[in-house]
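Have a look at the structure below, then the notes.
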There are 2 protein chains.
Amino acid sequence: MALSPKQKVYQEVLDAVRDYIEKNELKSGDKLPSEREMAEKLHAARSSVREAFRAMELLGLIETRRGEGTFISSYNSYQSVELLASFILREHDKKNDLMQAKVLLEKEAAKLAYFQLKKGDLIALQKIIKNTSINRKDQHVGFFQTIFDKADNLLLVKMWRLMQAYSQTIHKYSYDHSFYSALIELYKEKNYEAIENLFNEWLHVTYKKLSFTID
Amino acid sequence: MALSPKQKVYQEVLDAVRDYIEKNELKSGDKLPSEREMAEKLHAARSSVREAFRAMELLGLIETRRGEGTFISSYNSYQSVELLASFILREHDKKNDLMQAKVLLEKEAAKLAYFQLKKGDLIALQKIIKNTSINRKDQHVGFFQTIFDKADNLLLVKMWRLMQAYSQTIHKYSYDHSFYSALIELYKEKNYEAIENLFNEWLHVTYKKLSFTID
DNA sequence: AATATTTAGGTGGTCTGACCACTAATATAT
DNA sequence: ATATATTAGTGGTCAGACCACCTAAATATT
């Protein structure tokens with residue numbers, strides 16, 4: 001493993017695993033080579049392979065079962081993000097970036113979904129908003145999950161989920177209640193252009209607000 | 001390190017480090033105990049401590065300098081996002097999703113930059129487009145790198161760079177030449193609203209085109 | 001023959017101890 | 001006082017050794 005001298009071995013293992021997954025077209029749940037086998041294949045020590053594997057495990061990318069092996073995770077578990085947040089999110093300047101990016105994704109998803117939403121979907125959205133038995137965060141997630149489904153872009157929804165998880169430790173993770181109703185109303189009125197403005201207004205207000213609440 | 005039997009050692013190290021940081025009120029840039037010292041303190045092997053440290057490093061929580069020590073990271077919190085994204089992107093071969101997401105980011109960056117661009121910036125953009133000594137890909141990257149700089153959102157630019165890198169395996173990675181000129185023209189005319197439409201038109205055309213070229 | 005049991009090999013989990021490359025502070029020489 | 005060489009400490013990596021656990025094949029039991 002002495003090819004790229006500047007890079008650490010466990011970083012190279014990371015790349016190698018990614019290539020391996022792609023090359024062999026492995027999907028969620030498929031088995032990876034054992035630590036020993038991977039080490040031999042990459043001419044690295046097992047401990048180096050383990051450093052890479054443990055990091056990936058912590059990120060929820062792989063799943064490990066003692067006595068069985070290492071498997072590609074379905075990546076539904078975002079538990080790693082929680083740990084991240086507990087360390088990271090005291091850095092405030094990045095909170096703004098995160099919130100801004102998240103809102104942008106939600107805005108674009110809302111616009112993409114515009115062309116796909118049926119009447120039944122609108123009713124479903126309304127039901128989520130009116131359901132007071134779940135908390136606001138779950139309302140927000142449910143609401144936009146529906147929208148992202150209609151937007152039909154797997155990459156966008158994955159990025160959004162990640163940001164949503166990150167942003168959960170920040171106080172502001174949802175819009176005002178009136179926001180959701182306003183969006184639904186725009187869908188009903190078939191007012192595509194106004195969607196952009198609705199989000200942008202909220203974005204500017206919140207952006208400023210966050211700037212002043214930095215301690 | 002035999003107290004909590006069900007938990008892996010490197011997980012316990014993770015918790016211990018978090019407690020250590022909390023207890024000693026360490027801030028960004030502060031030094032952590034060495035791997036050997038931490039191992040002795042926690043009655044664990046150095047390799048186990050390393051597994052935890054490497055994972056934290058990958059998450060961007062700590063920074064490591066050979067010969068000096070391990071420090072609490074001050075920046076680069078988005079390192080993990082990059083890694084995650086690189087796996088997410090590989091997971092599915094939805095080229096359409098990727099292209100759509102990339103264009104969306106470029107569009108939003110163009111709109112964010114709108115409020116920051118000075119006359120000199122526009123000249124710089126024009127110079128990039130008129131420079132025929134570099135290939136189209138580098139023109140595209142240079143053009144939007146300038147725009148993303150003005151948009152001033154670290155997270156957005158990192159996501160974009162990643163997508164740009166991956167999209168290079170696809171044939172379409174840049175716009176028609178007239179597109180860039182048109183965008184500059186809109187900046188000059190201070191026509192904010194038209195930016196959205198410019199991108200959307202291109203997006204719809206390309207989206208359909210790609211739909212038919214999927215192998 | 002069908003079932004239950006034992007066994008052997010493979011896997012992750014952990015530890016020990018050893019080098020190497022690098023850095024910074026100390027000691028030494030100029 | 002300055003420049004140089006030494007040294008101790010640090011992360012980076014490796015090799016090899018156990019252990020606990022799981023699975024499947026070989027064996028024994030019915």
Side-chain angles (χ1 to χ4, degrees), chain A residues 1-17 20-21 24 26 29-73 77 79-80, chain B residues 1-17 20-21 24 26 28-74 76 79 83:
Chain A
M1 211 74 210
L3 298 179
S4 319
K6 286 298 174 189
Q7 184 148 250
K8 297 175 190 171
V9 173
Y10 89 91
Q11 289 274 6
E12 302 187 27
V13 172
L14 235 43
D15 294 338
V17 171
Y20 179 90
I21 292 174
N24 298 76
L26 298 189
D30 287 348
K31 191 171 178 304
L32 283 172
S34 74
E35 296 176 351
R36 289 171 177 86
E37 189 180 341
M38 189 68 84
E40 187 181 11
K41 192 177 300 189
L42 301 177
H43 305 295
R46 190 183 157 210
S47 57
S48 295
V49 173
R50 275 188 64 82
E51 289 182 9
F53 273 31
R54 267 354 94 210
M56 290 170 66
E57 183 181 56
L58 195 64
L59 286 169
L61 297 175
I62 60 175
E63 199 174 306
T64 263
R65 293 199 283 274
R66 167 188 251 166
E68 297 183 58
T70 305
F71 305 83
I72 298 180
S73 167
S77 53
Q79 76 276 22
S80 63
Chain B
M1 213 73 211
L3 298 179
S4 318
K6 286 296 172 188
Q7 187 150 238
K8 296 176 190 171
V9 173
Y10 88 91
Q11 289 275 5
E12 301 187 28
V13 173
L14 237 40
D15 294 339
V17 171
Y20 180 89
I21 292 175
N24 298 74
L26 299 189
S28 296
D30 288 347
K31 191 172 178 303
L32 284 171
S34 74
E35 298 175 352
R36 290 171 177 84
E37 188 181 342
M38 189 68 84
E40 188 181 10
K41 193 177 299 189
L42 301 178
H43 307 293
R46 189 183 157 211
S47 56
S48 294
V49 172
R50 275 188 64 82
E51 289 183 9
F53 273 31
R54 264 357 93 207
M56 290 174 66
E57 184 180 54
L58 201 62
L59 287 168
L61 301 175
I62 60 177
E63 196 174 311
T64 260
R65 294 199 282 274
R66 166 188 251 164
E68 297 183 57
T70 304
F71 305 83
I72 298 180
S73 177
S74 35
N76 280 6
Q79 188 176 339
L83 179 76

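Note on naming: letters A, B, ... go to the chains in the order of the sequence lines (proteins, then strands), and numbering restarts at 1 for each one. Quick note: numbers below take in every heavy atom, side chains included, and nothing from hydrogens, waters or symmetry partners.
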Which residues pass the salt bridge (charged side-chain N to carboxylate O under 4.0 Å, His left out) test with R36(B), sequence neighbours left out? none

Looking at residues at least two apart in the chain, or sitting in another chain, which of them share a salt bridge (charged side-chain N to carboxylate O under 4.0 Å, His left out) with D15(A)? R18(A)

dC14(D) phosphate, OP1 or OP2: any side-chain N/O from S48(A) under 4.0 angstrom? yes

Distance in angstrom units between E57(A) CD and dG12(C) C1', rounded: 10 Å

What integer distance in Å separates L42(B):CG from dT14(C):C1'? 14 Å

Within residues 42-55 of chain B or reaching into it, pairs that qualify as salt bridge (Lys or Arg N to Asp or Glu O under 4.0 Å) - sequence neighbours excluded: R50(A)-E51(B), E51(A)-R50(B), E35(B)-R46(B), E35(B)-R50(B), E35(B)-R54(B), R54(B)-E57(B)

Mind checking side chain to side chain contact (heavy atoms under 4.5 Å, CB included) for E37(B) and listing every partner two or more places apart, or none if nothing turns up? P33(B), S34(B), K41(B)

Detail all sub-3.5 Å separations between protein N/O atoms and N/O atoms belonging to nucleotides 9-11 of chain D.
residue	atom	partner	partner atom	Å
dG9(D)	N2	G67(B)	O	3.1
dT10(D)	O2	G67(B)	N	3.4
dG11(D)	OP1	T70(B)	N	3.4
dG11(D)	OP1	T70(B)	OG1	3.0
dG11(D)	OP2	E35(B)	N	2.9
dG11(D)	N7	R36(B)	NH1	2.9
dG11(D)	N7	R46(B)	NH2	3.4
dG11(D)	O6	R36(B)	NH2	3.0

Taking side chain to side chain contact (heavy atoms under 4.5 Å, CB included) as the definition, give me every residue that meets it alongside R66(B), ordered by chain and number, with sequence neighbours left out. none

Within the 4.5 Å heavy-atom criterion, are L58(B) and L14(A) side-chain neighbours or not? yes

Output the rounded distance in Å from CD (E51(B)) to C1' (dG12(C)). 10 Å

Output the rounded distance in Å from CD (E40(A)) to C1' (dA15(D)). 14 Å

